[in-house]
Amino acid sequence: MSVISLGSMAFDAIETPFGKIDRIVGGSAIYVAYAATHLVQPVYQISIVGNDFPAEEMEELKKRGVKLEGVEIVADKKSFFWSGKYHLDMNTRDTLITDLNVLADFNPIVPESYQDAEFLMLGNVLPVLQMSVINQMKKRPKLIVLDTMNFWMETAMEDLKKVLTMIDVLLINDSEARFLSEEFSLVKAAKKILGMGPKYLIIKKGEHGALLFHENHVFFAPALPLEEVFDPTGAGDTFAGGFIGHLARTKDISFKNMKTAIIVGSAMASFCVEKFGPQRLKEITK
Ligand code: AMP
């Protein structure tokens, strides 16, 4: 059972209390791909890169079962660049730079060869692009999961609200849930957000785990307590890759199986944070 994954492929510059790196491959679709392919293949990638994106990274993705027909390479432009700095608690960060570059002109196309995919992971990009991918699917996928971030809530809230009516599962963190719902209590926030369209809502709380809401049901899963968190970048996308990868592998989208998928996503994310960028996800084995 295959997964389509839409998202950014990027260069990141990251500063944490433990170290600094000026340029490392990142982006939401990179983390989703490296996490999900441990569980299910192929992953049909839809993204865009510039002329600077390393050919070796593309080869590595291919080797792991990532299909790249839906990844556009723009010859005369640079890849998306993001830079962030983490606070001492590692749960909060400041975005220092968002250079959209190629992402500014991104017009995702779903190739014919992707049309049989039953799971759709809409990673963190402009909400109109997430909507465009849903609209290009000839048959509605069995499950549509959407991840987003405060950047899009601040710049494209109306489009985001539209796409929320078209999906099954929304994945956001606690501060994004509060921003979206204008409620401080996460239980009240969840009620409001479930009223906006998604049938399931996952609220990620970093080192404090994740909550799953559906109708009147709530499930809470703790995060694995780690001795050291080196770099949390991509933990949310890795969680998403593990979550959808497990559901696609087991072909079961029941609430009960989503609980297990949350545990799988949390376990994957616990590896991601151990090293800079997606490095640790490339090292681990099943
Ligand atoms: P996460 O830590 O899970 O929130 O994801 C971090 C990744 O998201 C980084 O690798 C960035 O390249 C990517 N990212 C950050 N901002 C954006 C954005 N506005 N659009 C798309 N991708 C982004």
Side-chain angles (χ1 to χ4, degrees), residues 5-16 21-36 45-50 52-53 57 78-87 90-106 108 121-130 133 145-157 159-160 163 171-177 179 202-207 210 223 229-244 265-266 268-281:
S5 164
L6 165 76
S8 55
M9 290 169 73
F11 286 113
D12 292 341
I14 303 161
E15 192 175 338
T16 79
I21 196 155
D22 288 336
R23 192 172 160 91
I24 189 167
V25 166
S28 53
I30 284 282
Y31 287 100
V32 168
Y34 281 123
Q45 192 95 325
I46 303 182
S47 190
I48 187 165
V49 294
D52 49 358
F53 203 78
E57 197 71 35
K78 284 204 240 164
S79 300
F80 173 68
F81 176 77
W82 176 81
S83 155
K85 183 175 175 178
Y86 288 86
H87 300 183
M90 293 289 251
N91 268 338
T92 46
R93 71 181 176 205
D94 295 324
T95 288
L96 304 179
I97 303 170
T98 300
D99 277 342
L100 290 176
N101 300 325
V102 287
L103 216 52
D105 314 313
F106 187 27
M121 177 68 231
L122 299 169
N124 182 16
V125 287
L126 207 70
V128 284
L129 304 185
Q130 296 174 316
V133 167
V145 181
L146 183 138
D147 190 1
T148 189
M149 74 188 302
N150 47 359
F151 183 79
W152 303 120
M153 292 177 191
E154 283 156 22
T155 58
M157 187 62 114
D159 291 334
L160 179 62
V163 74
L171 263 170
I172 43 180
N173 69 28
D174 44 359
S175 68
E176 290 156 357
F179 191 85
I202 297 173
I203 302 183
K204 299 165 287 176
K205 289 162 58 68
E207 64 172 321
V229 175
F230 190 74
D231 169 23
T233 308
D237 308 310
T238 302
F239 179 98
F243 176 78
I244 203 161
S266 301
M268 287 280 192
S270 75
F271 288 109
C272 170
V273 303
E274 286 183 331
K275 287 192 177 170
F276 266 132
Q279 184 53 35
R280 193 72 181 110
L281 295 177

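Every value quoted in this text rests on a predicted model; they were computed, and no experiment measured them. Atoms within each ligand, like the ligands themselves, are counted from 1 in listed order.
- F239 does not count as a contact of ligand 1, since none of its heavy atoms falls under 4.0 Å from the ligand.
- Residue G236 has at least one heavy-atom neighbour below 4.0 Å for each of these atoms of ligand 1: 3 (O).
- In terms of the side-chain contact (heavy atoms from CB on, under 4.5 Å) criterion, residue partners of D94 (sequence neighbours excluded) are, by chain and number, H87, L96.
- Every N/O-N/O distance between G26 and ligand 1 stays at or above 3.5 Å.
- Ranked by closest heavy atom to atom 22 (N) of ligand 1, the top entry among A29, A13, G234, S8 is S8.
- Only the side chain of D12 comes within 4.0 Å of ligand 1, counting heavy atoms alone; its backbone N, CA, C and O stay farther away.
- For ligand 1 and N124, the ligand atoms under 4.0 Å from any heavy atom of the residue are 17 (C), 20 (N), 21 (C), 22 (N), 23 (C).
- Considering backbone and side-chain atoms together, L103 places no N or O closer than 3.5 Å to any N or O of ligand 1.
- Interface of D237 with ligand 1, defined as ligand atoms under 4.0 Å from a residue heavy atom, comprises 1 (P), 3 (O), 5 (O), 6 (C), 7 (C).
- Counted by atom type alone, S79 and D52 present one or more donor-acceptor pairs between their side chains at under 3.5 Å.
- Looking at every heavy atom in both residues, D22 comes nearest to A13 through O-CB, 3.3 Å.
- In terms of protein heavy-atom proximity, atom 18 (C) of ligand 1 is nearest to F80 CZ, 3.7 Å.
- In this structure, L100 CG and L126 CG are separated by 8.5 Å, a value rounded to the nearest 0.5 Å.
- Of all heavy-atom pairs spanning L6 and L129, the tightest one is CD2-O, 4.0 Å.
- Residue-ligand proximity, Y31 to ligand 1, at heavy-atom distances under 4.0 Å covers atoms 10 (O).
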- Take E176 and T148 through the side-chain contact (heavy atoms from CB on, under 4.5 Å) test and state the conclusion after the steps. CA-CA 9 Å; E176 290 156 357; T148 189; 5.7 Å; no
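- Of all atoms in ligand 1, listed by their number and element, those nearer than 4.0 Å to a heavy atom of A10 are 12 (O).
- Every atom of ligand 1 is numbered from 1 in the order shown, and the set under 4.0 Å from a heavy atom of R93 is 1 (P), 2 (O), 4 (O).
- Applying the side-chain contact (heavy atoms from CB on, under 4.5 Å) criterion to A235, with sequence neighbours excluded, gives A269, V273.
- Applying the 4.0 Å criterion to heavy atoms of M149 picks out, from ligand 1, the atoms 16 (N), 17 (C), 18 (C), 19 (N).
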- Give the C-alpha distance, both sets of side-chain angles, the deciding distance and a yes or no for side chain to side chain donor-acceptor pair (under 3.5 Å) between T238 and Y34. CA-CA 8 Å; T238 302; Y34 281 123; over 6 Å; no
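- Ring orientation note: the planes of F53 and F11 are tilted relative to one another, at an angle of 30° to 60°.
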